[in-house]
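To keep things clear, I will list the structure first and then write my remarks on it.
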Amino acid sequence: MQKQVERLKRQDSVFWVVGLGSLLFALVTLLSLIIDMAMTGWPRISPAFFTSFASRFPEKAGIFSAWVGSLTVVFVTAALAIPLGVATGIYLEEYARKNWLTKIIEINILNLAGIPSITYGLMALGIFVYHFQLGQSIITAGLTLGLLILPIIIVTTREAIRTIPSHIREASYALGSTKWQTVWNHILPYSSGGILTGVVIALSRAIGETAPLLTVGALTFIAFLPTPPVMAEPPFVSFQWLMDPYTVMPIQMFNWVSRPQEEFHINAAAAGLVLLTMTLLLNATAIYIRYRFRRKYKW
Amino acid sequence: MKEGFSDPKSFKRRAREVKELLIKSILFCCAASSVLITFGVVWTLLKEALPFFQEVSFGQFLFDTEWTPLFEDPKYGIMTLVSGTLLTTFIALTVAIPLGTITAVFLSEYCSANVREILKPVLELLAAVPTVVYGYFALLFVTPLLQKIIPDLASFNALSAGLVMGVMIIPYVSSLTEDAMRAVPVYLREGSLALGASNFQTSFKVIVPSAFSGIASAYVLGISRALGETMVVAIAAGLQPRLSFNPLESTETLTAYIVQVSMGDLPQGSIGYKTIYVAGSVLLLFTLVFNLIGQRIRSRVEKKAK
């Protein structure tokens, strides 16, 4: 008896060590990835690296068109995915009746979240590039990534709305508000923290996504910026940039990684460092938002 | 109050009702459009892939042992790409499932709430790293490291791509597993501990079996991530289709093939164009099958639990 208790206690402490070990293994891998990339890439990081275009000479090459491209593509992505995703989330949580149609939509969203990202790229190649003749443009890339992150935004919006207790809704109805007034004045403001967290995480995913953009043909040598959206003469605003070719950070990095020369690998590490900083900063922002809103509302 | 309730027939009230209805319809259209996306994916894949089978017979497709569609003498044995995909997925899962499960048990049953609050978001950062960065890491850090241990490891190989992919998937597995374990009612845990079971016995004989359906869906998510992962294998596993399960050699997965072909010029209707849709369809089929198995397991366990 005594022996068995001792054996079980030993087993427990052994597992404690094993558990901590496996957790640390994952964290050490992450850390060595960051350190390795920083050590290799840091020497190449300079103001010129951010303001030069891609080049055949590794020491002259930079990420100007890549980071501008990433920003413009993510802008289009956000403009598509945020309204569509939040609206879908609101509909499913607040409006939808429990019937077969709702069930189909729900199952469908679960499945969308599970299909590989590269299949979105194949769909975009068939539909946006060839069917709608949008070509290899910023708008194609933005729409593709927008559809890709849509399920993430829908799911987090629904989760955020679900945490609001029903007495808030009932109080609002009792004062005579309509459904939309309740949603607009109460549900959306109270769930905005959760929704924002989801949006930021989804956008960070979009910034780092490479595969679907490769299939729509983004791997090209781009040594210029898109057309500026504002002009000196009327009508002052131009949407020509939407149709311009582009490159983005992860594709620029992929391009450099897949070259055999060692010099370009240093560029890849530097681009990876910038990309990693961007996504980790966005994720830190998301954690911060979640933390702040959790303190703000207590039901 | 002079006015009292507004007249149901008043213009203002009618206008409000119309507005409510309009908003509801707009929201419904947004929700319904997500079904269109699935439809779009399946439709494009099938539409572009089906003409392929007018040129190539199913027998060739399934039983050829080479995949060289862009050569003079084309061969279309899809199993070469499938074997590459299964190999890298298998390696990734041998890392992700044990480590993910152990991590989840540790976070849920062994460590204090404060420690968990800090460690969990940090662990989830692993899922936030762009996959192209993992590809770089596998090719230029893990492979040279492994070559010191295994000298005849090729510089593009399935092993390091699979291992890195496995670490990448850990947070997907551990997060869902932990959620499932924490959803197990406290009285089961307390009952087991009150009977004198150790923490380890409680975790693996009570909590894990009761959370099984949630854990199964975590594994299924991990599998579909590994099947569909593209950049790590495209960068680090090489681009050589090979019907073998040797992890030390280079290989090519379905996803890596799609990337390889997409990097060249790809006119609509060309054989290269058709084959990437064929590869995409096979990939989608695999993911769907695994998702269905996951759903089946979940519903069977849930029925049993009732």
Side-chain angles (χ1 to χ4, degrees), chain A residues 8-9 11-12 15-16 18-20 22-23 25-27 29-30 33 36 84 87-88 90-92 95 104-105 108-109 111-112 114-119 122-123 126-127 130 147 150 178-180 204 208 210-211 214-215 217 219 250 253-254 257-258 265 268-269 272 275-276 279-280 283 287, chain B residues 16 20 23-24 26-28 30-35 37-38 40-41 44-45 48 99 102-103 105-106 110 119 121-123 125-126 128-133 135-137 139-141 167 170 198-201 224 227-228 230-231 235 255 258-259 262-263 266 268 276-277 280 283-284 287 291:
Chain A
L8 288 178
K9 277 191 175 161
Q11 198 181 33
D12 256 358
F15 187 79
W16 198 88
V18 170
L20 192 66
S22 73
L23 190 65
F25 175 77
L27 299 184
T29 311
L30 179 65
L33 183 156
D36 174 55
L84 204 57
T88 305
I90 292 174
Y91 177 80
L92 289 175
Y95 284 85
I104 287 182
I105 296 177
N108 175 59
I109 289 166
N111 278 331
L112 273 186
I115 66 176
S117 63
I118 198 160
T119 42
L122 290 175
M123 174 192 71
I127 293 186
Y130 286 120
L147 298 185
L150 192 60
T178 62
K179 192 140 205 166
W180 177 247
S204 98
T210 326
L214 282 173
T215 56
L219 194 69
M253 185 183 171
F254 174 64
V257 171
S258 38
H265 291 168
L275 185 61
L276 200 61
T279 48
L280 292 188
N283 277 273
I287 294 172
Chain B
R16 200 168 66 188
E20 287 286 317
I23 287 172
K24 190 180 172 181
I26 293 173
L27 292 177
F28 174 75
C30 289
S33 67
S34 70
V35 179
I37 302 173
T38 312
V41 169
T44 9
L45 284 183
E48 309 288 353
L99 285 182
I102 293 174
T103 306
V105 173
F106 179 76
Y110 277 79
L119 285 181
V122 178
L123 187 67
L125 285 184
L126 273 176
V129 175
T131 53
V132 63
V133 171
Y136 169 93
F137 183 66
L139 179 68
L140 298 172
F141 185 88
V167 174
I170 290 177
S198 72
N199 229 341
F200 186 81
Q201 287 172 319
S224 45
L227 285 173
T230 310
M231 295 321 292
I235 293 173
T255 50
I258 299 175
V259 165
S262 308
M263 287 191 303
L266 200 62
Q268 193 178 19
I276 61 171
Y277 281 91
L283 180 67
L284 193 64
T287 342
N291 279 328

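Side chains are part of it too, since the values below use all heavy atoms of this structure and drop only hydrogens, waters and symmetry mates. We name chains A, B, ... by the order of the sequence lines, and we start the count at 1 in each one.
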- line: Interface check, chain B: of A:S204, A:G19, A:S258, most non-hydrogen pairs under 4.5 Å belong to A:G19
message: As an exercise: rank A:L122, A:I115, A:I109, A:L30 by heavy-atom pairs under 4.5 Å with chain B and give me the winner.
response: A:L122
field: Proximal component of B:T38, with respect to chain A [non-hydrogen, under 4.5 Å]
entry: both
message: Can you tell me which portion of B:F28 sits under 4.5 Å from chain A's heavy atoms? Options are side chain, backbone, both or neither.
response: both
message: Whether the side chain of B:S34 engages the backbone of B:C30 through a donor-acceptor N/O pair (distance < 3.5 Å, no angle test) should be reported.
response: no
field: Option that, when pairs with chain A are counted at under 4.5 Å, heavy atom only, ranks first among B:L227, B:L283, B:L140, B:V105
entry: B:L140
B:T255 versus A:I118, closest heavy-atom pair with distance: O-CD1, 3.8 Å
task: Say whether, by atom type as modelled, one donor and one acceptor occur between the side chain of A:N283 and the main chain of B:L125 under 3.5 angstrom.
output: no
query: What are the two closest non-hydrogen atoms of B:Y277 and A:G126, and how far apart are they?
result: OH-N, 3.1 Å
message: Quick check on the interface: out of A:N111, A:I104, A:L276, who has the most heavy-atom pairs with chain B under 4.5 Å?
response: A:L276
- request: Check each of B:I102, B:L99, B:L119 against A:L23 using the side chain to side chain contact (heavy atoms under 4.5 Å, CB included) test, and report the only one that passes.
  value: B:L119
message: Tell me whether B:N199 contacts the main-chain N or O of A:D12 through its side chain, where contact means a donor paired with an acceptor under 3.5 Å.
response: no
message: Show, in sequence, the C-alpha distance, side-chain angles and deciding distance for B:V133 and A:M253, and conclude whether the side chain to side chain contact (heavy atoms under 4.5 Å, CB included) test is met.
response: CA-CA 8 Å; B:V133 171; A:M253 185 183 171; 4.0 Å; yes
- line: Counting heavy-atom pairs under 4.5 angstrom with chain A, the leader among B:G280, B:S198, B:G228 is B:S198
task: Determine, for A:Y95 and A:K179, whether the Lys NZ or Arg CZ falls below 6.0 Å from the six-membered ring centre while staying within 45 degrees of the axis.
output: yes
query: Can you say whether B:L139 sits under 4.5 Å from chain A via the side chain, the backbone, both, or neither, judging by heavy atoms?
result: side chain
query: Out of A:V18, A:I287, A:T29, A:T119, which one racks up the most heavy-atom pairs below 4.5 Å with chain B?
result: A:T29
- line: Assert top hit (heavy-atom pairs under 4.5 Å, partner chain A, pool B:V129, B:N291, B:I26) equals B:V129
Chain A contact via B:V167 - which portion, at a heavy-atom distance below 4.5 Å: side chain
- prompt: Is the closest side-chain heavy-atom distance between A:F254 and B:I235 below 4.5 Å?
  reply: yes
- prompt: Got a donor-acceptor contact below 3.5 angstrom from the B:Y110 side chain to the A:F15 backbone?
  reply: no
task: Return the option, out of A:V257, A:D36, A:I105, A:L33, with the maximum number of heavy-atom pairs under 4.5 Å with chain B.
output: A:L33
message: Which atoms of B:T287 are under 4.5 Å from chain A, going by heavy atoms: the side chain, the backbone, both sets, or neither?
response: side chain
query: Quick one: of A:G208, A:S117, A:G272, who has the most non-hydrogen atom pairs under 4.5 Å with chain B?
result: A:G208
message: Tell me whether A:F25 at atom CZ has more than 12 heavy atoms from other residues, nucleotides or ligands lying less than 6.0 Å away.
response: no
- line: Per-residue tally against chain A (heavy atom, under 4.5 Å) across B:I170, B:T131, B:I258 peaks at B:I258
field: Region of B:T44 in contact with chain A, defined by heavy-atom distances below 4.5 Å
entry: side chain
query: Which bit of B:I37 comes within less than 4.5 Å of chain A, counting heavy atoms only: side chain, backbone, both or neither?
result: both
